[in-house]
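Right, one structure below, let's go through it.
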Amino acid sequence: MVDTIVIIPTYNEIENIEAIIKAVLSQEKAYHILVVDDNSPDLTGLKVKALQKDFEGKLFLLQREEKTGLGTAYISGFKWCIEKKYEYIFEMDADFSHNPNDLIKLYNACSKDGADLSIGSRYIDGVNVVNWPLGRILLSYGASIYVRLITRMKIQDTTAGFVCYKRHVLESIDLDAIKFVGYAFQIEMKFKAYLKHFKIVEVPVIFTDRKQGKSKMSGGIISEAIFGVLNMKFKSLLSK
Ligand SMILES: Nc1nc2c(ncn2[C@@H]2O[C@H](COP(=O)(O)OP(=O)(O)O)[C@@H](O)[C@H]2O)c(=O)[nH]1
Ligand SMILES: [Mg+2]
């Protein structure tokens, strides 16, 4: 029985989707995949459907009607995986920024080293980001310092999107109460787990900028994060 599943959210990832699915499913360790596609105009979802014939029982697709953000895509994915009782639930981008060969490190941190939540971290020993423009590195690294300062979480890479959750962590969080829709969702999830005193382990990974397709980062996502993090911390203090 395979108890590990990788959730891959997609919006217009036609150049990457087949290769990333094959890269995950050819790992020595067995994983299932759940693609959460937001009705990508480039027909990423249709491509996944076609591939399901080759990977029956291993590749699943949640097709949503429209693009409503990374956070809500993951929440739908989490609910699906909880329902199916997967024990190890991973988050990974479709664009090869997260190396599928590193999945095993995240898995081992949870299965062998007792983590409830493991994070593929870019900022453990310096800055392990390849090919990102300087502005984007500064934004991400600056965000990680800002979030640590405000939230006091002892996590270096609080915005990381390469993560393994043990199911009980996701079950303990009220997923319908998660506020953020953009990348700040990653911060909020870690903060919720941190407040519940789950064991969080960071494993060093190298993050490589996408070679194919386009980034969906936007100004709205950034401002959601800046103000949202302050708001989130404030509310957590009030509810103490
Ligand atoms: N389903 C869904 N996936 C999204 C959405 N926004 C981004 N993604 C996916 O989330 C992952 C990370 O997004 P990406 O554009 O690479 O962000 P960046 O690496 O931070 O520039 C990719 O697999 C995207 O296709 C969205 O609104 N809905
Ligand atoms: Mg990316």
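Whatever order the structure lists ligands and atoms in, that order sets their numbers, starting from 1.
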**Study point:** Proximal heteroatom of Asp95 relative to the Mg ion (ligand 2) (N/O/S)
**Key:**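 Closest to the Mg ion (ligand 2) among those atoms: OD2.
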Exercise for review: Using heavy atoms and a cut-off under 4.0 Å, could you grab the residues that are in contact with ligand 1, chain by chain, numbers ascending?
Suggested key: Pro9, Thr10, Tyr11, Glu13, Val36, Asp38, Lys67, Gly69, Leu70, Ala73, Asp93, Ala94, Asp95, Arg136, Tyr183, Arg210, Lys214, Ser215, Lys216
Check your understanding: Are Lys47 and Glu18 close enough for a salt bridge, meaning some N to O gap below 4.0 Å?
Key -> yes
Check your understanding: Hey, are Asp176 and Lys79 close enough for a salt bridge, meaning a charged N less than 4.0 Å from a carboxylate O?
Key ->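 Here Asp176 pairs with Lys79 in a salt bridge, since their nearest N and O are under 4.0 Å apart.
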Exercise for review: Consider only side-chain N and O atoms of Thr159 and Arg122, and report whether a donor and an acceptor are under 3.5 Å apart.
Suggested key: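 Result is yes, a qualifying pair exists.
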Check your understanding: So, Arg210 side chain and Lys214 main chain: donor-acceptor pair closer than 3.5 Å or not?
Key ->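 Side chain of Arg210 to backbone of Lys214, a donor-acceptor pair under 3.5 Å: yes, one is there.
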**Study point:** Donor-acceptor under 3.5 Å (Glu202 side chain, Gln156 main chain)
**Key:** yes
Practice item. Go through the steps to decide whether Arg64 and Asp38 satisfy the test salt bridge (Lys or Arg N to Asp or Glu O under 4.0 Å), and finish with yes or no. Key: CA-CA 5 Å; Arg64 305 199 309 159; Asp38 283 4; 2.7 Å; yes
